[in-house]
Each structure stands twice: as structure tokens, then as C-alpha cells.
2 protein chains.
Amino acid sequence: MLERDFPEIRALPLFAGIAADSFEALMRGAYLQTFPPQIDLIREGDPSDFLHVVTEGAVEMFASWSGRDTVIQTVRPVSTFILAATIRDAPYLMSARTISRSRLVLIPSQDVRDVFEADPAFARAVVMDLAQCYRSVVKHTKDLKLRNSIERLANYLLRQRKAAGDAAAFQLPVEKRRLAAFLGMTPENLSRAFRSLEAYGVVTDGASVRINDPSDLVGFARPTPLIDDGDL
Amino acid sequence: MLERDFPEIRALPLFAGIAADSFEALMRGAYLQTFPPQIDLIREGDPSDFLHVVTEGAVEMFASWSGRDTVIQTVRPVSTFILAATIRDAPYLMSARTISRSRLVLIPSQDVRDVFEADPAFARAVVMDLAQCYRSVVKHTKDLKLRNSIERLANYLLRQRKAAGDAAAFQLPVEKRRLAAFLGMTPENLSRAFRSLEAYGVVTDGASVRINDPSDLVGFARPTPLIDDGDL
DNA sequence: AAGGTTGATTGACATTTATCAATCTGCCTT
DNA sequence: AAGGCAGATTGATAAATGTCAATCAACCTT
């Protein structure tokens with residue numbers, strides 16, 4: 001029942017504007033897989049064999065070195081990952097694992113490269129996608145290098161609040177230990193950072209977070225679109 | 001004497017394979033500027049007006065937040081910068097300043113976007129460029145999140161050594177305070193990191209660095225292509 | 001309901017990194 | 001040659017962050 005996913009994949013900016021036969025060429029070789037949580041999908045260093053599309057669930061991109069681990073990003077439906085490696089035909093720089101039951105569509109990398117060569121509209125869409133990915137990593141780098149851990153958490157919470165439609169309370173979308181790794185700190189430190197933010201009206205209970213006075217937190221976090229705006 | 005730069009710009013992977021009239025269209029509106037050191041070229045947040053090409057000198061890309069500064073990368077001839085912002089017609093995420101006397105060719109962003117729409121070969125070249133930029137920032141992020149400051153310096157020195165053709169001694173290409181910012185530490189800390197590396201045969205004298213026993217330093221630094229290989 | 005497992009939290013402590021102030025050094029200018 | 005300046009280094013100290021061990025809490029499973 002792979003076809004069930006076609007419409008929402010087609011709706012992705014990466015595929016929305018491409019020729020019908022290009023899309024068909026990509027989907028012809030594609031196949032569907034469903035995975036339980038905690039399954040390793042790809043390992044950094046491996047050659048790029050498939051472009052991955054998450055249509056359900058959630059996937060964590062992480063990297064390791066000398067026994068240490070860190071999370072680079074979390075991918076949620078509907079989006080692709082490891083496009084850059086696929087296009088350049090280069091080894092993955094990140095590993096990926098499911099963090100919940102997930103449905104993935106796998107498109108053979110060679111097909112992606114073929115369509116990329118043949119369909120200019122697809123090439124342009126890839127550019128837009130990669131430019132956004134690039135800018136998003138740059139923002140993450142700025143976050144890491146310019147802010148300390150409490151500031152990173154404060155701004156993360158404000159971003160989540162916005163993503164939740166400025167709701168006063170929302171749920172963290174990932175486990176705290178994963179959030180800690182994403183924010184570049186240990187789980188212990190994240191706990192303490194949450195404690196520190198109580199002074200600015202942040203109340204947590206498990207995965208649920210309430211921001212009592214956003215303007216107070218904003219005063220501390222000093223968010224800037226040049227780091228915190230997802231669309232930019 | 002803008003034309004003097006055309007051949008080496010044309011030789012860039014970004015422009016090498018594009019149609020003659022595409023290249024001509026880009027160069028028609030382009031103009032040349034020469035700057036002394038320490039001149040601000042662009043400021044983060046500004047709209048993207050020109051694609052910049054450095055043909056001589058060196059340009060530092062940096063970012064600021066709340067009175068703090070950090071260096072994201074240094075751009076050396078011959079290369080472009082802020083391609084992603086240009087293509088997406090989005091504000092710059094980084095500022096740029098010259099760090100030595102520099103010669104820049106400025107191509108109006110609108111021309112770049114026009115050629116991007118019209119010439120599929122250019123669109124594909126932009127993809128390759130952006131994919132590389134993206135992967136390079138990912139590597140930088142991994143470096144920052146997975147290594148401490150001494151390890152970052154050790155691996156940086158090994159990369160420089162390789163760039164210098166595995167010479168036993170080489171010059172640091174930037175001032176130490178800039179290197180410190182790039183590596184995500186203070187200048188004081190960089191000094192101490194150099195001292196720590198003396199134990200592994202790293203001898204410095206001003207900007208010149210000698211690595212007596214590379215295998216010793218490698219043993220400490222544990223470089224990996226997935227972070228330290230520039231081509232990957 | 002009991003037990004087991006996993007993640008979160010806390011406290012004590014160690015390590016890393018930053019800050020501040022004081023030289024030191026090399027280079028430039030006059 | 002003297003002075004001045006900017007960057008680099010050093011030492012003392014503070015702050016931030018990590019580590020380790022213990023405990024707690026929530027959620028499974030049976």
C-alpha cells in the first residue's frame with residue numbers, strides 16, 4: 001500500500017512542482033517500510049543508497065565520535081532526510097534511528113540523481129530544500145556558539161510555544177534526554193536548566209511545559225529571527 | 001578591470017559547466033570592488049543583494065548575539081559566499097568582513113536567481129555547491145558538539161597540516177583570536193590548548209606551527225573523515 | 001497489585017571553560 | 001631608537017558544564 005503515501009509526498013515542496021513523469025520515475029523504484037521505535041535506519045559513513053521520506057512517526061539524526069553521541073536534528077512527517085548525501089553520492093554524515101513507530105518511503109539514490117539530471121524543476125526544488133537545510137544548520141551552530149545552555153533551552157521553549165500556536169502550555173515533542181543531546185548538554189544539565197527557568201515562569205510536569213509570562217521569558221531569552229525563526 | 005577575474009570565476013565548479021550566455025548574463029551586471037582589511041561587507045539580517053565572489057584576500061563570516069561574536073567560517077579565494085541567502089532571497093544569517101586586503105566580484109542577486117531559473121546546468125551546480133556547504137556546516141557542528149576545545153584544536157591542526165601538503169611545519173592562516181572564535185573558545189583558552197598539545201609534539205612560534213610526531217598527535221586527536229575530511 | 005525497567009532528578013564533586021587583570025611580544029609609526 | 005598599539009600569553013579566580021551515584025517517578029508487564 002505504498003500508493004497511499006504518494007499524495008502527501010507529492011505535496012512536499014521538494015516534489016510539488018516537478019514533472020508528472022519525474023515523480024512517477026521516483027515512485028516506481030520506491031518502497032515502503034514500517035519500523036518499530038529504536039531501529040537504526042542508517043549509519044554515518046555508509047554510502048547513500050536511498051533518499052528517505054518520513055510519512056509517519058519520527059526519526060532522530062545523530063552522530064557519534066569516540067564513544068560520545070549527539071543529536072543533530074529530529075525529522076518529523078512529512079519530510080525527507082539525507083538529501084545532500086544522496087545528491088552528492090557521498091557517505092552519510094549522520095546516523096538515523098526511529099524514535100517512535102515510523103513509516104518511511106525509500107527512494108533509490110540513483111533514481112533521485114537521475115531525475116535531478118533530467119528535470120530542471122526538480123533540480124531547482126532540491127536547491128530550495130538544501131538552502132533551507134543549510135540555513136537551518138547555520139542557525140543551530142549560532143545557537144550553540146553564542147548561547148549558554150540555559151539560554152538555548154529558553155529559546156527552544158519559545159520556539160516550541162510558537163509551534164504550538166502560542167499556547168500557554170504544550171508538550172515537549174521528544175524525551176528530555178534527546179532534547180538535552182540536541183541542545184548540546186547532558187540530561188542532568190537540562191534538568192537544572194529547567195529549574196533555573198522557573199524564575200522566568202516556566203513550569204514543567206513531565207513532558208508538559210507551561211510558560212506563565214512569555215514576555216518575562218522573552219526578556220531573558222532574547223530570541224532573534226536570525227537564530228530562532230524557522231522560516232527564515 | 002573586472003574582466004581580469006572572469007577566467008578564474010568561470011573555473012569555479014559553480015560556474016564551470018553553465019552555458020556561455022548564462023555566464024555572460026551574470027558577469028554583465030557584476031562589478032568589482034577592492035577593500036582594505038577590517039571592512040564590513042554584509043551584516044546579518046540585511047536582505048541579500050549580491051552574490052559575493054572573493055578573488056583575492058580573505059573574508060571572515062561571523063555572527064553576533066547579545067554582544068557576543070563568533071566566527072562561522074573563513075572564505076578564501078576563489079570562492080563564493082552567501083549563495084543560500086541569494087537563492088532563497090532571504091536575509092543573511094551571517095555577517096562578513098575582510099580580514100586582509102581583498103578583491104571581490106559582486107553579482108546582483110536578482111541576476112543569480114534569473115539564471116538559476118533559466119539554466120538547468122547552473123541550478124545543478126548550485127545544488128552541488130549548497131550540498132557541500134551544508135555538509136561542511138554539519139561537520140562543524142559535530143566538531144563542536146562531540147569534542148572539547150583541545151580536541152578541536154588538535155584536529156584543526158591536523159587538517160591544516162594536510163592542507164599544507166603534510167609539511168612538518170606550516171603557518172596558521174588566521175590570527176589566533178579568530179581561530180579561537182572559529183573553534184568556539186576564547187583566545188586565552190586557545191593559548192592553553194596549544195600548551196596542552198605540546199605534550200603531543202606541537203610546537204608553536206607565533207603563527208608558525210610544527211608537528212613533530214604526527215602519529216602521536218593523531219593518537220590524541222582521533223580524526224575521522226566524517227568530521228575532518230574537507231572533500232567528503 | 002507487584003515487580004522491573006527506563007528515564008528524570010538531585011546532590012556532591014570534578015573538569016572544562018570563561019573572565020579579569022597583568023604582563024609580554026612583535027610590529028608599526030614617528 | 002622610543003613610544004605606542006594590538007594581539008598573545010599567563011596566572012588567579014569564577015562560572016558553566018560534566019560525571020557519578022543515589023533516588024525518584026512513571027510506565028510497562030505479568
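Quick note on labels: first sequence line is chain A, next is B, and so on, each numbered from 1.
Atoms NZ (K145(B)) and C1' (dT16(C)) sit 18 Å apart, rounded to a whole Å. The nearest whole Å value for the distance from the CD1 atom in I99(A) to the C1' atom in dT6(C) is 16 Å. We find that CG of L179(B) is positioned 15 Å from P of dG7(D), with the value rounded to whole Å. Rounded to whole Å, the distance from CG on L144(B) to P on dT16(C) is 17 Å. Between R177(B) atom CZ and dT10(D) atom C1' there is a gap of 19 Å when expressed in whole angstrom units. As rounded to whole Å, 8 Å separates atom P of dT9(C) from atom CZ of F194(A). Atoms CG (L153(A)) and C1' (dA16(D)) sit 15 Å apart, rounded to a whole Å. Straight-line distance from the CZ atom of R195(B) to the P atom of dT16(C): 17 Å, rounded to whole Å.
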Q: For the pair T70(B) and I72(B), evaluate side chain to side chain contact (heavy atoms under 4.5 Å, CB included) and give the outcome as yes or no after the intermediate values.
A: CA-CA 6 Å; T70(B) 193; I72(B) 310 285; 4.1 Å; yes
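With sequence neighbours excluded, the residues forming a side chain to side chain donor-acceptor pair (under 3.5 Å) with D69(A) are S64(A), listed by chain and number. Considering only residues two or more places apart in sequence or on other chains, D49(B) meets the salt bridge (charged side-chain N to carboxylate O under 4.0 Å, His left out) condition with none of them. R210(B) meets the salt bridge (charged side-chain N to carboxylate O under 4.0 Å, His left out) test with no other residue; sequence neighbours excluded. Applying the side-chain contact (heavy atoms from CB on, under 4.5 Å) criterion to S136(B), with sequence neighbours excluded, gives no partner residue.
Listed by first and then second residue, the salt bridge (charged side-chain N to carboxylate O under 4.0 Å, His left out) pairs involving residues 5-14 of chain A are D5(A)-R103(A) (not counting sequence neighbours). For the salt bridge (charged side-chain N to carboxylate O under 4.0 Å, His left out) condition, the pairs that include at least one residue of residues 130-142 of chain A, sequence neighbours left out, are K142(A)-E44(B).
Within 6.0 Å of the CZ atom in R43(B), the count of heavy atoms belonging to other residues, nucleotides or ligands does not exceed 12.
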Validation: residues 165-182 of chain A side-chain donor-acceptor distances under 3.5 Å, sequence neighbours left out:
residue	atom	partner	partner atom	Å
D166(A)	OD1	R161(A)	NH1	3.4
E175(A)	OE1	R177(A)	NH2	3.4
E175(A)	OE1	R178(A)	NE	2.8
E175(A)	OE1	R178(A)	NH2	3.3
K176(A)	NZ	G206(A)	O	3.1
R178(A)	NH1	E60(A)	OE1	3.0
R178(A)	NH1	E60(A)	OE2	3.2
R178(A)	NH2	Q38(A)	OE1	3.4

Tell me which donor-acceptor pairs under 3.5 Å the side chains of residues 77-87 of chain B have, and how far apart each pair is, sequence neighbours excluded?
residue	atom	partner	partner atom	Å
S79(B)	OG	R76(B)	O	2.4
T86(B)	OG1	S48(B)	OG	3.2
T86(B)	OG1	I82(B)	O	2.9

Enumerate donor-acceptor pairs with a distance under 3.5 Å from any side-chain N or O in residues 225-232 of chain B to protein atoms, sequence neighbours excluded.
residue	atom	partner	partner atom	Å
D228(B)	OD1	R147(B)	NH1	3.0
D228(B)	OD1	R159(B)	NH1	2.7
D228(B)	OD2	R147(B)	NH1	3.4
D228(B)	OD2	R147(B)	NH2	2.7
D228(B)	OD2	T224(B)	N	3.0
D229(B)	OD1	D231(B)	N	3.0

Q. Tell me, for nucleotides 17-25 of chain C in 5' to 3' order, what letter each nucleotide earns: B for a base near a protein heavy atom under 4.0 Å, S for only sugar-phosphate near one, - for neither?
A. SBBB-----
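For the helix from dA1(C)-dT30(D) to dT30(C)-dA1(D), the end axes, each set by the C1' atoms of five terminal pairs, are bent relative to each other by 40° (nearest 10°).
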Please tabulate the protein-to-nucleotide N/O contacts below 3.5 Å involving nucleotides 25-30 of chain D, giving atom names and distances.
none

